[in-house]
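Step one of this worksheet: look at the structure below.
Because the structure is predicted, anything quoted here is derived from the model rather than measured.
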Amino acid sequence: MDYQHYFTKRIADLKTEGRYRVFADLERRCGQFPVARNYRDGQVHEVVVWCSNDYLGMGQHPEVLAAAKEAVDRCGAGAGGTRNISGTNHYHVLLEQELAAWNAKESALLFTSGYVANQTTLSTLGATIPGLVVFSDELNHNSMIEGIRHGRSAKHVFRHNDPEHLEQLLSAYPRETPKLVAFESVYSMDGDIAPIAEICDVAEAHNAMTFLDEVHAAGMYGAEGSGVAERDGVRERITIIQATLAKAIGVVGGYIAGSDAMVDYVRSFGPGFIFSSSMPPMVAAAALASVKVLRRSPEIRQRHQERAATMKAKLAAQGIPVLPSVSHIVPVMVGNAALCKQASDLLLNKHGIYVQPINYPTVPVGTERLRITPTPLHTDEMMDHLVKSFVSVWDELELHKEHPKKVAAAE
C-alpha cells in the first residue's frame with residue numbers, strides 16, 4: 001500500500017466535498033474579548049469572534065486571571081504527572097470540593113478534558129459492571145459514543161429526546177438487569193434541551209442509572225449556574241453529572257460529580273484518569289475562581305440569555321434562517337458544506353467576523369450550518385455589524401434560494 005498516496009487522496013476528497021477544515025490563526029486579546037487578532041496572508045487583521053465556547057467570557061475575567069497567576073507563582077507550570085504517582089495538588093482538592101457542592105453531589109473527580117471525562121467514565125462502567133446495558137440518545141456527543149463503544153457493553157440508541165422510545169427499549173429488560181441511560185442537557189448543534197425530568201421518570205421506573213452531560217450548560221443555567229439539572233430541580237435524581245471546564249467556566253478540563261462510592265469507583269478503575277497527567281495547578285486555580293464567580297453572579301447568565309435572544313431576533317428579522325433554539329445556541333442553517341465554508345470565509349475575510357462552519361461528521365450531511373454563540377460581552381454595535389454582514393453574504397452566495405427546503409429538512 002502507498003500510505004502517503006492514501007492519506008493525500010483522502011484529504012483531497014475532503015476538499016472536493018467542501019468538508020476540509022482550515023483552522024483560523026487567532027490570538028485572543030486579554031481584556032478585549034471577543035475581539036481577536038487573525039494572522040493570515042502575512043498580515044494581522046482584527047476580527048470579532050462569534051463562535052467561541054467561552055460562552056460567558058470567563059477566560060478573561062480578572063479574578064480568574066489573578067488566580068492563575070498566583071497559582072503559577074506558588075506551584076509552577078505543571079502538576080508533575082499523574083495524581084497516582086506525583087500526588088494530588090491542593091488546588092485539585094479544592095476544585096473537586098467546589099464542583100461537588102456546585103452540583104449538589106457528594107464528590108467530584110477532575111479529568112484533563114470533558115471528552116476524557118465522558119470516555120473514561122462510560123467505558124469504565126461498561127467494561128466493569130457485569131451485564132450492564134447502556135441506552136444512549138441518538139444525538140449524543142462523540143465522546144459519549146466512544147466511551148460506550150469502548151465499554152463493550154450491550155447498548156441501545158433511543159430517539160432524540162424521546163422518553164417514550166426510551167421506555168420501550170428499557171421495557172425489554174428485567175428490572176434487575178444493570179442499566180444506564182446516557183444523554184445531554186443542551187445539544188449544542190440544534191440548541192434544544194432534554195426533558196430531563198421525564199427521562200428520569202422512565203429511568204427510575206426501570207431501576208436504571210442516569211448519566212447527564214452538562215457540557216454546554218454548566219455555568220449557564222440555574223440560580224448558581226451549575227446547569228439545566230439545577231434549573232429544573234432534578235439534580236438529586238441524576239446518578240452522574242458530567243461537564244467541562246473549557247466552555248462557560250473559561251479554562252480547560254472536565255469532571256464528573258456523584259456519590260462518594262461512584263466517584264471513587266471511577267477514580268480507582270478508570271484508565272483515562274489513572275494514566276493521564278493531571279491538570280496544572282494554575283488551571284485548577286483559575287477554574288476554581290471562575291466557578292466561585294459564577295455561583296454568586298446570576299446577572300452574567302441573565303445578560304447572556306438576553307444577548308442570545310436579541311441575536312436570534314435580529315437575524316430572523318432579516319430573513320436569515322435561524323433554527324428554533326430554546327438555549328443560548330444560535331444555529332444558522334446553510335445546508336451545503338461548500339457554501340457553508342464559503343460563507344464562513346467571506347464573513348472572515350470581508351467583514352472581520354469569525355464564525356466557523358459546522359459540517360459532517362459533527363452534523364448530518366445536508367444540515368451544515370454556522371453556529372453563533374453570543375456572549376455577554378458582544379455589544380449591540382457588534383450584533384448590528386454581524387447581521388448586516390450575514391445579509392451581504394447571503395445575497396452574494398444566493399443562499400436565500402436554499403433556505404425554505406433546508407430549514408424544513410432540518411426541523
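Ion pairing between a basic and an acidic side chain is recognised when a charged N comes within 4.0 Å of a carboxylate O; Asp13 and Arg19 show no such pairing. The residues Lys341 and Asp345 are annotated as salt-bridged, a charged nitrogen and a carboxylate oxygen being separated by less than 4.0 angstrom. Under a 4.0 Å N-O distance rule, the pair Glu224/Arg235 does not qualify as a salt bridge. Note on Asp384 versus Lys314: salt bridge recorded, some NZ/NE/NH1/NH2 to OD/OE distance being below 4.0 Å.
In terms of heavy atoms, His378 sits closest to Arg303 at O-NH2, 3.8 Å. Listed here is the closest heavy atom pair of Ala248 and Ala218: CB-O, 3.1 Å. Here the shortest heavy-atom pairing between Glu214 and Ile241 reads CG-CG2, 4.0 Å. Among all heavy-atom pairs drawn from His216 and Lys247, the shortest one is CE1-CE, 3.2 Å. Of all non-hydrogen atoms in Asp137 and Phe158, the two that sit nearest each other are N-CE2, 3.3 Å. Closest approach of Pro374 to His328, counting heavy atoms only: CD-O, 4.0 Å.
With hydrogens and angles ignored, the 3.5 Å screen pairs no side-chain donor or acceptor of Thr375 with any backbone N or O of His304. Under the 3.5 Å distance criterion, the side-chain polar atoms of Arg28 are left unmatched by any main-chain donor or acceptor of Leu26. A donor-acceptor pair is defined here as one N or O able to donate and one able to accept, closer than 3.5 Å; no such pair exists between the side chain of Arg149 and the backbone of Ser123. In terms of modelled atom types and a separation under 3.5 Å, the side chain of Glu230 and the main chain of Gly225 share a donor-acceptor contact. A distance-only check finds no donor-acceptor pair linking the side chain of Lys350 to the backbone of Ser392 [under 3.5 Å]. When atom types are taken as modelled, the side chain of Gln60 and the backbone of Gly31 share a donor-acceptor pair closer than 3.5 angstrom. Judged by distance alone, the side chain of Glu184 and the main-chain N or O of Val215 form no donor-acceptor pair under 3.5 Å. Here the side chain of Ser86 pairs a donor or acceptor atom with the backbone of Gly80 at under 3.5 angstrom. Under the 3.5 Å distance criterion, the side-chain polar atoms of Ser290 are left unmatched by any main-chain donor or acceptor of Ala286. Distance alone, capped at 3.5 Å, places no donor-acceptor pair between the Arg83 side chain and the Met279 backbone.
Other residues, nucleotides and ligands contribute at most 12 non-hydrogen atoms within 6.0 Å of the CZ atom of Arg152. No more than 12 heavy atoms of other residues, nucleotides or ligands shown are found within 6.0 angstrom of CD1 on Ile85. Glu164 CD: 12 or fewer foreign heavy atoms inside a 6.0 Å radius. Heavy atoms of other residues, nucleotides or ligands lying less than 6.0 angstrom from CZ of Arg10 number 12 at most. Atom CZ of Arg40 is surrounded by more than 12 heavy atoms from other residues, nucleotides or ligands within 6.0 Å. At most 12 non-hydrogen atoms from other residues, nucleotides or ligands lie less than 6.0 angstrom from CD of Glu381.
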Side chain to side chain contact (heavy atoms under 4.5 Å, CB included) between Leu399 and Asn336: does it pass, once the steps are laid out? CA-CA 10 Å; Leu399 289 172; Asn336 176 282; over 6 Å; no
Residues Tyr173, His156; criterion ring pair (Phe, Tyr, Trp, His ring centres under 6.0 Å); working and verdict: CA-CA 12 Å; Tyr173 290 87; His156 296 277; 5.5 Å; yes
Does the pair Leu125 and Ile240 meet the rule for a side chain to side chain contact (heavy atoms under 4.5 Å, CB included), with working shown? CA-CA 11 Å; Leu125 296 176; Ile240 305 169; 3.7 Å; yes
For the pair His351 and Val393, evaluate side chain to side chain contact (heavy atoms under 4.5 Å, CB included) and give the outcome as yes or no after the intermediate values. CA-CA 9 Å; His351 302 280; Val393 169; 4.0 Å; yes
Take Glu63 and Lys292, measure what salt bridge (charged side-chain N to carboxylate O under 4.0 Å, His left out) needs, and give me the verdict at the end. CA-CA 10 Å; Glu63 292 187 40; Lys292 287 182 175 181; over 6 Å; no
Stepwise salt bridge (charged side-chain N to carboxylate O under 4.0 Å, His left out) test for Lys105 and Asp260: CA-CA 8 Å; Lys105 296 297 184 184; Asp260 286 335; over 6 Å; no
How far apart are the C-alpha atoms of Ser278 and Thr88, what are their side-chain angles, what is the distance that settles it, and do they pass the side chain to side chain contact (heavy atoms under 4.5 Å, CB included) test? CA-CA 8 Å; Ser278 58; Thr88 288; over 6 Å; no
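Remark: of the listed residues Asn53, Thr362, Asp190, Asn53 is the sole one forming a side chain to side chain donor-acceptor pair (under 3.5 Å) with Arg371.
At a cut-off of 3.5 Å, with distance as the only test, a side-chain donor of Thr128 or Tyr265 sits close to an acceptor on the other residue. In this model, a donor atom of one side chain and an acceptor atom of the other lie less than 3.5 Å apart for Asp192 and His160.
The closest side-chain heavy-atom distance from Met311 to Val387 is below 4.5 Å. Using a 4.5 Å heavy-atom cutoff, the side chains of Asn38 and Tyr354 are not in contact. Between Phe111 and Val266 the shortest side-chain heavy-atom distance falls below 4.5 Å. Within the 4.5 Å cutoff, side-chain heavy atoms of Tyr187 are placed close to those of Asn140. When side chains are defined from C-beta on, Ile249 does not count as touching Met58, because their heavy atoms never get closer than 4.5 Å. In this structure, Val293 and Ile300 have side chains that are in contact, with non-hydrogen atoms separated by less than 4.5 Å. A 4.5 Å side-chain heavy-atom check between Met189 and Leu139 finds every atom pair outside the cut-off. Taking the side chain as every heavy atom from C-beta outward, Phe183 and Asn161 never approach each other to under 4.5 Å.
Here OG of Ser344 is found 6.0 Å from CG of Leu370. Values are rounded to the nearest 0.5 Å. In this structure, Ser389 OG and Leu347 CG are separated by 6.5 Å, a value rounded to the nearest 0.5 Å. Here Asp73 contributes atom CG and Met282 contributes atom CE; the two are 11.0 Å apart, rounded to the nearest 0.5 Å. Atoms CD and OG, on Gln356 and Ser52 in that order, are 12.5 Å from each other to the nearest 0.5 Å. Note that the OG atom of Ser268 and the CD1 atom of Ile274 stand 7.0 Å from one another [nearest 0.5 Å]. With values rounded to the nearest 0.5 angstrom, Ile196 atom CD1 is found 12.0 Å from Asp201 atom CG.
The side-chain tip of Lys15 points at the ring of Tyr20 from less than 6.0 angstrom away and within 45° of straight on.
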